Amino acid sequence: MHSIVLAAAPHASSGRLVPAALAGIALIVVLITWLKVHPFLSLTLGSLLVGAIAGLPMADTVKSFGKGFGDTASGVGALIALGAMFGKLLADSSGADQIVDTIVGRSGRRALPWAMALVGALIGLPMFFEIGLVLLMPVIYLVARRSGQSIIAVGIPALAGLSAMHGLVPPHPGPLVAIDALHADLGVTLGLGVLVAVPTVALAGPLLARFAARWVDVRPPELFTTGDTAGGKDADERDGGERDGAEQGRRRPSFALTLATVLLPVVLMLLKAFADIVLDEGTEPYTVLDNLGTPLIALLIAVVVAMFTLGRGSGMDRRTITATLERSLPPIAGVLLIVAAGGGFKQTLVDTGIGKTIADWVDGSGVSVLVLGWLVAVLIRLATGSATVATVTASGILAPLVTGLSTGDTSLLVLAVGSGSLFFSHVNDAGFWLVKEYFGLSVGQTIKSWSLMETVISVCGLVFVLALNIVV
């Protein structure tokens with residue numbers, strides 16, 4: 001049985017538990033937003049405060065936090081690491097550049113925003129948002145200059161593709177930790193996530209960009225005007241730029257091979273979901289697809305395949321491939337700690353009985369669990385500026401609610417939380433400032449373009465989740 005089913009009874013009355021949860025969340029918000037304390041420390045201190053106010057002995061609070069930390073790290077830590085390795089191979093092999101150049105090069109002027117949305121989504125599948133943004137910025141500049149369009153007209157669609165993948169589609173940290181906390185099926189969540197992400201990207205990307213480009217008409221800044229505009233090269237220069245001299249003559253892997261490699265883990269996980277629905281458990285085809293589609297196995301296969309198709313396929317030798325994989329891990333250390341600390345916070349909420357109190361209130365209120373999940377994530381996102389913190393905290397609060405939900409409904413709850421975690425990025429979000437500086441915008445222009453786009457993604461995501469809930 002899942003741990004959420006075995007959650008302890010409340011250690012105090014609801015009149016004490018609810019203030020404990022609110023105080024813990026408030027402390028996390030204040031530490032992150034005002035005092036600029038790292039989210040890992042903020043979540044740890046918030047967990048201890050929740051336990052203290054709820055009347056849980058300090059030793060038990062520490063034990064609960066440690067259990068949640070360890071369970072989450074073991075559940076998603078390896079997946080995040082493998083995803084980072086895969087993304088780094090894609091960047092260093094120039095496979096990302098091949099995808100970008102092929103799609104953009106075959107698109108006419110009117111189709112460019114749609115092509116950029118597709119590029120953003122494909123690059124966003126295996127990469128963290130910040131890395132994908134760095135990779136795409138030189139391309140966005142170049143396309144905007146050559147086409148004579150505003151940087152908003154071509155940039156917003158690419159950002160929409162990146163952001164939607166980041167919030168809705170595993171193996172990104174946010175969706176992964178929500179899947180782990182809510183015990184959702186990854187394959188089903190992945191399939192439904194893609195169904196939600198496609199129309200959401202269309203609305204928040206190319207269609208919204210038509211209007212946003214009128215409100216914010218900005219020419220591309222004079223950056224990347226000389227030299228190689230390949231996103232992978234610029235990204236590595238930003239990371240420290242350790243390059244082999246032999247790399248200058250490196251060939252690119254083919255578009256078909258690169259695309260097949262990027263989609264490989266997605267296909268394997270979707271096949272597992274297909275097997276769960278269609279095939280009989282215990283049959284040989286079911287066992288094969290179930291094993292291959294296990295997230296850890298699927299991503300491990302993808303990394304090993306990428307070492308040959310992207311690494312060796314681009315002319316890397318073994319030493320260079322090893323160095324690429326090594327450089328992929330240090331940047332994700334902070335992400336791993338934040339996600340694991342979020343799991344510790346979640347377990348503290350569960351073990352104090354706060355989650356059960358909230359679950360009982362929801363059962364009697366008639367409020368949709370999906371809408372509630374979205375609203376909780378929205379409030380934490382607005383307060384902290386972090387989509388990951390919003391996702392892990394909201395998932396912890398809502399974990400006791402999943403015991404009566406079907407597999408499909410649990411996956412939809414993950415997507416509702418993910419959608420809420422993207423709502424209205426503003427000045428407390430590092431992504432806000434990244435976009436502002438890269439695009440050369442004022443704060444007001446960034447709000448009218450980037451912040452609006454994030455809000456459209458969030459609202460459309462909820463709408464499509466609720467629509468799927470009718471048929472799932």
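If you're wondering where the values come from, they're calculated on a predicted model, not measured in any experiment. Start at 1 with the first residue, then count along the sequence.
- Judged by distance alone, with hydrogens and angles left aside, the side-chain atoms of Ser94 form no donor-acceptor pair with the main-chain N or O of Asp97 at under 3.5 Å.
- Of all heavy-atom pairs between Ala117 and Val201, the closest is CB-CG1, 3.9 Å.
- Contact of the Leu398 side chain with the Val402 side chain is not registered, since no non-hydrogen atoms from C-beta on lie closer than 4.5 Å.
- Among all heavy-atom pairs drawn from Gly418 and Ser421, the shortest one is O-OG, 2.6 Å.
- Nearest approach of Pro199 to Phe464, heavy atoms of both residues: CB-CZ, 3.6 Å.
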With side-chain contact (heavy atoms from CB on, under 4.5 Å) as the test, would you mind laying out the steps for Leu186 and Leu176 before giving the verdict? CA-CA 8 Å; Leu186 191 145; Leu176 277 179; 3.6 Å; yes
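- In this structure, Leu466 CG and Leu370 CG are separated by 6.0 Å, a value rounded to the nearest 0.5 Å.
- Between Trp114 and Pro157 the shortest side-chain heavy-atom distance does not fall below 4.5 Å.
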Without placing hydrogens or testing angles, list every side-chain donor-acceptor pair under 3.5 Å for residues 74-86, not counting sequence neighbours.
residue : atom : partner : partner atom : Å
Ser74   : OG   : Gly70   : O            : 3.1
Ser74   : OG   : Asp71   : O            : 2.9

Could you pull out all donor-acceptor pairs under 3.5 Å where a side-chain atom in residues 261-272 meets a protein atom, sequence neighbours excluded?
residue : atom : partner : partner atom : Å
Thr261  : OG1  : Leu257  : O            : 2.8
Thr261  : OG1  : Thr309  : OG1          : 3.0
Lys272  : NZ   : Asp276  : OD2          : 3.3
Lys272  : NZ   : Asp290  : OD1          : 3.2

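- Judged purely by distance below 3.5 Å, without hydrogens or angles, the side chains of Thr324 and Asp92 pair a donor atom with an acceptor atom.
- Of the possible donor and acceptor atoms, one in the side chain of His426 sits under 3.5 Å from a partner among the backbone N and O of Leu382.
- Ser150 contributes a side-chain N or O that, together with a main-chain N or O of Ile152, makes up a donor-acceptor pair within less than 3.5 Å.
- What you find for Ile156 and Ala204 is that their closest heavy atoms are CG2-O, 3.7 Å.
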side-chain contact (heavy atoms from CB on, under 4.5 Å) between Met116 and Ile140, worked out: CA-CA 8 Å; Met116 294 301 292; Ile140 293 173; 3.7 Å; yes
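- Counting heavy atoms from C-beta outward, Ile297 and Asn291 have side chains that stay 4.5 Å or more apart.
- Inter-residue side-chain proximity for Leu182 and Leu405 is flagged as unmet; no heavy-atom pair is nearer than 4.5 Å.
- Within a 6.0 Å radius of CZ in Arg106, other residues, nucleotides and ligands contribute 12 heavy atoms or fewer.
- The nearest pair of heavy atoms linking Gly95 to Thr258 is O-CG2, 3.4 Å.
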Give the intermediate values and the outcome of side-chain contact (heavy atoms from CB on, under 4.5 Å) for residues Phe345 and Ile28. CA-CA 10 Å; Phe345 182 70; Ile28 293 169; 3.7 Å; yes
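- The aromatic rings of Phe69 and Phe65 lie tilted to each other, with the angle between the two planes from 30° to 60°.
- Asn469 places no side-chain N or O within 3.5 Å of a backbone atom of Val465 that could act as its donor or acceptor partner.
- Within the 4.5 Å cutoff, the side chain of Thr102 has no heavy atoms near those of the Leu259 side chain.
- Under a 3.5 Å cut-off, the side chain of Arg381 and the backbone N or O of Ala390 do not form any donor-acceptor pair.
- Taking a cutoff of 4.0 Å between a charged side-chain nitrogen and a carboxylate oxygen, Asp101 and Arg252 qualify as a salt bridge.
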Determine, stepwise, if the pair Val169 / Leu190 fulfils side-chain contact (heavy atoms from CB on, under 4.5 Å). CA-CA 6 Å; Val169 180; Leu190 175 60; 3.4 Å; yes
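- Put simply, the side chain of Ser449 reaches to within 4.5 Å of the side chain of Leu441, judged on heavy atoms.
- Panel note: side chain Ser163, backbone Leu159; no donor-acceptor pair is recorded below 3.5 Å.
- In this model, a donor atom of one side chain and an acceptor atom of the other lie less than 3.5 Å apart for Trp450 and Ser425.
- Checking side-chain atoms of Ser458 against main-chain N and O of Thr455 turns up no donor-acceptor pair under 3.5 Å.
- Considering only heavy atoms from C-beta on, Ile338 comes within 4.5 Å of Leu43 through its side chain.
- A donor-acceptor pair under 3.5 Å is formed between the side chain of Gln98 and the backbone N or O of Pro253.
- The two atoms that bring Leu168 and Pro170 nearest to each other are O-CD, 3.8 Å, heavy atoms only.
- At least one side-chain heavy atom of Phe424 sits under 4.5 Å from a side-chain heavy atom of Ile447.
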